[in-house]
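Note sheet for the following structure.
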There are 2 protein chains.
Amino acid sequence: MKKRRINEIKKILEKNDIEALLLITTDFIRDRNVDYILGTFLENVSASIIISLDEIKLLAPKWFEIKIDNSVKIIEIKNFFDVNTIKKEIKKFKKIGINKNYFPYTIGSKLRKFKLIDVSEELLNIRAIKDEEEIRNIKRACSISNKIIKKIEKEIRKNLSEFYIEKIIEEEIAKINHATLAFNTIIASDRRSGSIHPIPSYSNKKIKNYGIIDFGIRYKGYCSDVTIPFLIGDVPNKLKKILRVIKNIHDSSIEQIKPFLEVKYLFESANENVKNTFGFEMQHALGHGIGLDIHEYPTISPKSKNIFKDNMIFTIEPGIYIKNAGFRIENDLLIKNKKPKLLTKANIIEK
Amino acid sequence: MKKRRINEIKKILEKNDIEALLLITTDFIRDRNVDYILGTFLENVSASIIISLDEIKLLAPKWFEIKIDNSVKIIEIKNFFDVNTIKKEIKKFKKIGINKNYFPYTIGSKLRKFKLIDVSEELLNIRAIKDEEEIRNIKRACSISNKIIKKIEKEIRKNLSEFYIEKIIEEEIAKINHATLAFNTIIASDRRSGSIHPIPSYSNKKIKNYGIIDFGIRYKGYCSDVTIPFLIGDVPNKLKKILRVIKNIHDSSIEQIKPFLEVKYLFESANENVKNTFGFEMQHALGHGIGLDIHEYPTISPKSKNIFKDNMIFTIEPGIYIKNAGFRIENDLLIKNKKPKLLTKANIIEK
């Protein structure tokens, strides 16, 4: 059990005058807060966890196998949606904290007699600050990514297809224990790069022109996330200019990062730059936290209420998309000892 | 757009006197019914879909890139939980069908003025019968699995670690376009095999004794799922006996499969066999449908209401677990022309 994490959650209970927090994770609704609290990356496992000031209960099927210290009381549950057992275990409470977006309606609709209070924001805020173990795992995910970046940079100078690039990444994962893809790799060359999140539909044709490679590695549950833009052969000067602007925003954003800076300020500064140069605004956030989820706090967007702090890990990923073309450069950073530290080495590939 | 699938859904609307079906899929709540209806495997994409008798609306972020024919009206949504846009699009209806277990509480709790009707069972029933495209993809996932099984069978005769076996599977995936893991591989040797779903926590130590390898391949969205039990070196006769019984149940279950047979009967027949031999009952279902999800209908359990039909694809996976040891053998089958057809070739490995 992760004591610091539990203590942070108890503070949420006290602050919100909530008696217990109820979190549910299943095969198809993955609430990584459960993994976070247990300190284990759960895969193919469903469980509910109830944290009150007095005790922690884990409701799980009887074949649940994780070794947990005896600060946690394990209660057998028949299936993920065994509401009766859940109800029984929370019956002495009135106000229950939940992670609303990840909470199944099946269960929520049967807990009408309880007051359900959404504490998802607070949970996101706790997880935005990484502890040593988390930093170690993300650093490892990043170093695996760096190895792959180097390989892609080297091999893209041959004539490669989108599929072949995907396979380079998977081959590297196949060599390293505890490593998997964090998400399905996005490779979009030529016109398809104009979409922000193109659906993977790769081609065996040789890549020419331009595009992006966006991939993530999960190491012991923790994610990295990088995007490499590339230019191959003769591409219009207009696209080269876009890429120069992106690189410039990427670098100057990183230079500005420091503790106590408002996160939204960093977005606004980059957005101003895009607006002045192109006459339109940024089409997505400038970056996002990474951890057990691929999108965590801080979200570097105009609505963010976060401020940068030591031990935050997040991406910086300015992107510009026009009709039939788009580029993005994305790297992962850690703020440590009040300074931003680049963990990944994504850069423009020009050939 | 998949016309047959849409027609089946319209029948659900009419049968349940529902005016529209509302399905939501996000990064962390994956409702594969959306993929099923669109006929595309969505990854890293959030979308809502509203199907009424008159029209189909897809609510998606503006960078949604899938090519959809013009039978679908696309409506821009700001984020997954943009309830106002959802409300606006369903405002003319009173009774709305939902997939309850996959429906986020955030949205459900804001739709109180609508009557939400759970049609998850009906959706599962539609998807239990595969169409030609689905069968083609699952068959391909199975043939990739067979290649891997052969390789494991050959290589396990060397001295392998759990990690090395995991890597054999990942190496094969890295060679094949459109192929990924369907779930994190489960490899449990020695005492850990006593758990049904052991958490992946592999070892670099050479495997001796006994255990299982349970893995799945996803090809163009569609899953295979196999388990290979193994015995290496000198193992107690008791365990060999367990494995013989499992193989016997596996084979005789397959022999009994035919259209119009009640699914629960197949479970009961296997369970009877386990009870007579060991004095305890089966600890999990005898099998489950596979498709876009790794667990679909029919669930071969005592509670199943399904009957076997042509074009169903499912696993048969009898398992027996005692303290500190467990075995399971799992293969995938298709019922075609009234006969069960084995799609995979998992078998006991004895060395």
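A, B, ... follow the sequence lines: proteins, then strands. Residue 1 opens every chain. All values below come from the heavy atoms of this structure, side chains included, with hydrogens, waters and symmetry mates left out.
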Problem set entry | Over 12 non-hydrogen atoms of neighbours within 6.0 angstrom of NZ in A/Lys78 | no
Seminar exercise, completed: Separation between NZ (A/Lys175) and CD (B/Glu171), nearest 0.5 Å, reads 9.5 Å
For this session: Identify, with sequence neighbours excluded, every residue that meets ring pair (Phe, Tyr, Trp, His ring centres under 6.0 Å) alongside B/Phe280.
Result: B/Phe278
For this session: Identify which part of A/Ile107 has an atom lying under 4.5 Å from any heavy atom of chain B, answering side chain, backbone, both or neither.
Result: neither
Problem set entry | A/Thr85: partners by side chain to side chain donor-acceptor pair (under 3.5 Å), with sequence neighbours left out | A/Asp82
Exercise. In terms of heavy-atom proximity below 4.5 Å to chain B, should A/Ser109 be classed as side chain, backbone, both, or neither?
Worked result: both
For this session: Would you mind checking which part of B/Ala188 comes under 4.5 Å of any heavy atom in chain A, side chain (CB onward), backbone (N, CA, C, O), both or neither?
Result: neither
Exercise. Does A/Lys95 NZ have over 12 foreign heavy atoms under 6.0 Å away?
Worked result: yes
Problem set entry | Region of B/Arg112 that comes under 4.5 Å of a non-hydrogen atom in chain A | side chain
Exercise. So which part of A/Asn204 gets closer than 4.5 Å to some heavy atom of chain B, the side chain, the backbone, both or neither?
Worked result: side chain
For this session: Counting only heavy atoms closer than 4.5 Å, note whether A/Ile186 contacts chain B via side chain, backbone, both or neither.
Result: side chain
Exercise. Side chain, backbone, both or neither: which part of A/Lys220 has a heavy atom under 4.5 Å from chain B?
Worked result: neither
Seminar exercise, completed: Ranked by heavy-atom pairs below 4.5 Å to chain B, first place among A/Ile176, A/Val45, A/Leu181, A/Asp293 goes to A/Ile176
Exercise. Can you tell me how far CG of A/Asp27 sits from CZ of B/Arg30, rounded to the nearest 0.5 angstrom?
Worked result: 14.0 Å
Exercise. Between B/Asp118, B/Ile98, B/Ile29, B/Asn101, which has the largest tally of heavy atom pairs under 4.5 Å with chain A?
Worked result: B/Asn101
For this session: For the pair A/Lys100 (side chain) and B/Tyr105 (backbone), establish whether a donor and an acceptor sit closer than 3.5 Å, ignoring hydrogens and angles.
Result: no
For this session: Look at B/Glu172, B/Gln283, B/Arg192 and state which one has the largest set of heavy-atom pairs under 4.5 Å with chain A.
Result: B/Arg192
Problem set entry | A/Asn184 CG to B/Thr180 OG1 distance, which is reported to the nearest 0.5 Å | 6.0 Å
Problem set entry | chain B contacts, top residue of A/Tyr164, A/Tyr321, A/Phe163 (heavy-atom pairs, under 4.5 Å) | A/Phe163
Exercise. Around B/Lys151, counting heavy atoms of other residues, nucleotides and ligands shown, do more than 12 lie under 6.0 Å from its NZ?
Worked result: yes
Problem set entry | Closest contact, heavy atoms only, A/Lys167 versus B/Asn177 | CE-OD1, 3.5 Å
Exercise. When only pairs under 4.5 Å are counted, which of B/Phe81, B/Phe80, B/Phe103, B/Phe183 shares the most heavy-atom pairs with chain A?
Worked result: B/Phe81
Exercise. Relative to chain A, which segment of B/His295 carries a heavy atom at a distance below 4.5 Å: side chain, backbone, both, or neither?
Worked result: side chain
Problem set entry | Under 4.5 Å from any heavy atom of chain A - which part of B/Ile169 | neither
Problem set entry | Which portion of A/Ala179 sits near chain B, non-hydrogen atoms under 4.5 angstrom | backbone
For this session: Look at the aromatic rings of A/Phe28 and B/Tyr102 and report parallel, tilted or perpendicular, splitting at 30° and 60°.
Result: parallel
